[in-house]
Amino acid sequence: MAFWLFKTEPGCFSFDDLRNCPDMTEHWDGVRNFQARNFLRDQVQVGDRVLFYHSNIPEPAVVGLAEVVRAGYPDFTALDPDSEHFDPKASPQNPIWYMVDVRYLEALPRPVTLERIKTNPLLAAMPLVSRSRLSIQPVTADQWHMILSMGGMKTP
DNA sequence: GCCAACGTTGGC
DNA sequence: GCCAACGTTGGC
């Protein structure tokens with residue numbers, strides 16, 4: 001089982017939105033960056049755990065946890081001309097873009113702000129600190145447990 | 001709203 | 001294949 005950090009703008013899709021989905025499950029679609037796409041297509045597996053991060057707001061933060069319930073498959077929004085994520089280069093034969101499905105797990109008792117992440121030397125290696133634009137990022141087990149601890153969650 | 005970082009595109 | 005121009009992201 002691997003760990004990831006998924007970024008989203010809460011004005012577009014928030015952690016509360018995920019909780020309010022049927023079965024608390026939703027497609028993670030719309031990723032249009034090749035490095036992030038490669039993670040979704042090749043590495044993200046069912047059962048992997050996800051830090052749910054809110055970006056582009058006054059206080060960006062990890063707000064909760066989710067789990068992957070379906071591994072990478074073609075992102076059909078790229079084929080839909082009415083979708084804002086439509087990509088004319090994508091086709092059923094060559095979907096180009098991939099998505100996974102995620103399910104809500106639980107909110108952190110205390111969101112872990114980017115500011116706290118940046119000031120924790122043990123988290124300096126997180127891509128979030130140096131490569132903030134990458135929307136799908138791997139997280140190490142140590143980083144995962146540190147974030148959960150900072151978020152007020154008991155971890156074994 | 002600004003701007004730095006960085007990814008993508010396209011001319012050559 | 002290089003690199004300048006351009007577009008997007010996201011912190012502030």
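Each chain gets a letter, A, B and so on, in the order its sequence line appears, and its residues count up from 1. Everything numeric in this text was worked out from a predicted model, so none of it was measured.
- Cation-pi geometry between Arg70(A) and Tyr73(A) is met: under 6.0 angstrom from the ring centre, within 45 degrees of the axis.
- By the criterion of side-chain heavy atoms lying less than 4.5 angstrom apart, applied directly or through intervening Ile, Leu, Val, Met, Phe, Trp or Tyr residues, Leu79(A) is not grouped with Trp97(A); the two fall into different hydrophobic clusters.
- Take the nearest nucleotide of DNA chain B for Lys89(A) and for Asn56(A): the residue whose nucleotide is more 5' is Asn56(A).
- In the 5' to 3' direction, nucleotides of DNA chain B lying under 4.0 Å from heavy atoms of chain A begin and end at dA5(B) to dT9(B).
- Leu114(A) comes within 4.0 angstrom of sugar-phosphate atoms only, judged by non-hydrogen atoms across all strands, and of no base.
- At the heavy-atom level, Thr113(A) lies nowhere under 4.0 Å from the strands shown.
- Within 4.0 Å of Pro58(A), counting heavy atoms only, lies no atom of the nucleic acid at all.
- Looking only at atom types and distance, the side chain of Asp101(A) has no donor-acceptor partner in the side chain of Trp28(A) under 3.5 Å away.
- Judged by distance alone, the side chain of Arg32(A) and the main-chain N or O of His85(A) form a donor-acceptor pair under 3.5 Å.
- With hydrophobic clusters built from ILVMFWY side chains whose heavy atoms lie under 4.5 angstrom apart, Val44(A) shares a cluster with Val31(A).
- Side-chain atoms of Arg49(A) never come within 3.5 Å of backbone atoms of Leu65(A) as a donor-acceptor pair (strictly under, hydrogens ignored).
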